[in-house]
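Read the structure below first, then the notes.
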2 protein chains.
Amino acid sequence: MSDKLTFTLHELVQVLDQSADSLLTSKYGVTGSQFVFLATLEDVEPTDVTTLAECLGVSKAAVSKRVPSLADAGWITTADDPHHKRRVVLTVTQRGRDLVERAGRDLDAQFTALFQHPAAAGLDPRLLKDQLNTLISILRQNGPLS
Amino acid sequence: MSDKLTFTLHELVQVLDQSADSLLTSKYGVTGSQFVFLATLEDVEPTDVTTLAECLGVSKAAVSKRVPSLADAGWITTADDPHHKRRVVLTVTQRGRDLVERAGRDLDAQFTALFQHPAAAGLDPRLLKDQLNTLISILRQNGPLS
DNA sequence: ATCCAAGTGTTAACTGGTTGACATGTCCGA
DNA sequence: TCGGACATGTCAACCAGTTAACACTTGGAT
């Protein structure tokens, strides 16, 4: 019973990610994880590797390894910080900003359409989000394992 | 707004998985993904690599690569199918079955306790699961990208 | 009976994550 | 001022997933 919910949760994020990924790949030529990287960076740019890693919830090393290919592809740029020689300052290129703006709008439209489906009659996205956030805060409060 | 829900969803499964993983690691000496492997296999054993891969939602190759270490660790056994020389039949060992039974009960208890927290007053796990399943079926129905 | 398509599992090369070690840079306190 | 603690990014080694190619088995159609 109970563990079925966690199963359902995993299933939902899987199908959601897959749906987003296929839209992004076919229409915009980026993977889902690339989009998340760019959208997150755009939200906090200009910033450094460490801060972006925290925002993405991954390690510094993971970000560090992805930077070269994204820069080569023209999505982001790297610059030196005149005040700190080891710092690498990351920004999104104009092309990257355009992508995030257009694709983000597209994804948003697809997602809101979900809730306008007849089968989703009694479903309020805001309420749902609140419930999930409640669970998150309880879990965080409990500590790693209770 | 809308995409915040997908963000919340990812955050919830992350903290949930992390919580389960720390319990499993500290009390039972397996990772979360090993537990999922064993619990899933136990549900359909005896079975072959291909079927288990489908049940786990991963590729055959991923299962094939994990089998040797799990067998070495004494969690599963591999056997030949007398009717099909290429088939590898997988089963959980008694030790594995015990683990799944005990750890599964433990996880279940932790999880139901979540919903008995005062902050989770208006939260019905069954209702929540139904809502998530509704979203899944709409997404599946829409096809990969709508 | 034979042959070919489909099924089954393994391997190689790749992706993207982890941790731990490391070199280097910054900055504060003695 | 200078010495050590901390910050910062990169590297190596590893883990676990992917797809594509492969070798082998099975079984049915001709």
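Numbers restart at 1 for each chain; the letters A, B, ... are given by sequence-line order, proteins then strands.
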Original post:
Can a salt bridge be assigned to the pair B/Asp80 and B/Lys85 using a cut-off of 4.0 Å between side-chain N and carboxylate O?
Top reply: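 No.
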
Original post:
Given A/Leu41, which of A/Leu56, A/Thr51, A/Leu52 fulfils the side chain to side chain contact (heavy atoms under 4.5 Å, CB included) condition?
Top reply: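 That would be A/Leu52; it is the only one of A/Leu56, A/Thr51, A/Leu52 passing the side chain to side chain contact (heavy atoms under 4.5 Å, CB included) with A/Leu41.
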
**OP:** Identify the residue among B/Asp17, B/Val36, B/Leu16 that makes a side chain to side chain contact (heavy atoms under 4.5 Å, CB included) with A/His10.
**Re:**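 Exactly one option meets the side chain to side chain contact (heavy atoms under 4.5 Å, CB included) with A/His10, and it is B/Asp17.
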
Original post:
Restricting to pairs with a member in residues 114-141 of chain A, which pass ring-ring contact (aromatic ring centres under 6.0 Å, His included), not counting sequence neighbours?
Top reply: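 Every ring-ring contact (aromatic ring centres under 6.0 Å, His included) pair that includes a residue of residues 114-141 of chain A, provided the two are not neighbours, is A/Phe111-A/Phe115.
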
**OP:** Begin from the C-alpha positions of A/Thr77 and A/Thr91 and carry the test side chain to side chain donor-acceptor pair (under 3.5 Å) through to its verdict.
**Re:** CA-CA 5 Å; A/Thr77 55; A/Thr91 51; 2.5 Å; yes

Taking a hydrophobic cluster as the set of Ile, Leu, Val, Met, Phe, Trp and Tyr residues connected by side-chain heavy atoms closer than 4.5 Å, whether directly or through intermediates, do [X] and [Y] fall within one such cluster?
X        : Y        : value
A/Val15  : A/Leu128 : yes
B/Leu135 : B/Leu123 : yes
B/Val89  : B/Val92  : no

Original post:
So, is A/Arg66 close to the C/dT15 phosphate, meaning a side-chain N or O under 4.0 Å from OP1 or OP2?
Top reply: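 No, A/Arg66 has no side-chain N/O under 4.0 Å of OP1/OP2 on C/dT15.
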
**OP:** Can you sort out the partners of B/Gln94 under side chain to side chain contact (heavy atoms under 4.5 Å, CB included), two or more places apart, ordered by chain and number?
**Re:**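 Partners of B/Gln94 by the side chain to side chain contact (heavy atoms under 4.5 Å, CB included) criterion, ordered by chain and then number, come out as B/Arg97, B/Asp98.
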
Original post:
What residues form a side chain to side chain contact (heavy atoms under 4.5 Å, CB included) with B/Ala71, not counting sequence neighbours?
Top reply: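 Side chain to side chain contact (heavy atoms under 4.5 Å, CB included) list for B/Ala71, sorted by chain: B/Ile76.
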
Subject >> Value in whole Å for how far the C1' atom of C/dG17 lies from CD of B/Gln18 >> reply: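 Those two atoms, CD and C1', are 15 Å apart.
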
List every contact pair, protein side and nucleotides 1-5 of chain C side both N or O, where the distance is under 3.5 Å.
none

Report each atom pair, protein N/O against N/O of nucleotides 8-10 of chain C, whose distance is under 3.5 angstrom.
| from | atom 1 | to | atom 2 | distance (Å) |
| --- | --- | --- | --- | --- |
| C/dT8 | O2 | B/Arg86 | NE | 3.0 |
| C/dG9 | OP1 | B/Val49 | N | 3.4 |
| C/dG9 | OP1 | B/Val88 | N | 3.0 |
| C/dG9 | OP2 | B/Thr50 | N | 2.9 |
| C/dG9 | OP2 | B/Thr50 | OG1 | 2.6 |
| C/dG9 | N7 | B/Lys60 | NZ | 2.8 |
| C/dT10 | OP2 | B/Ser64 | OG | 2.6 |
| C/dT10 | O5' | B/Ser64 | OG | 3.4 |

Original post:
Where does the chain A footprint on DNA chain D start and end, counting 5' to 3' with a 4.0 Å heavy-atom cut-off?
Top reply: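 Footprint of chain A along DNA chain D, 5' to 3': D/dT8 to D/dA13.
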
Subject >> Contact nearer the 5' end of DNA chain C, comparing A/His83 with A/Ser69 >> reply: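 Looking at the nearest nucleotide for each, A/Ser69 comes out on the 5' side.
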
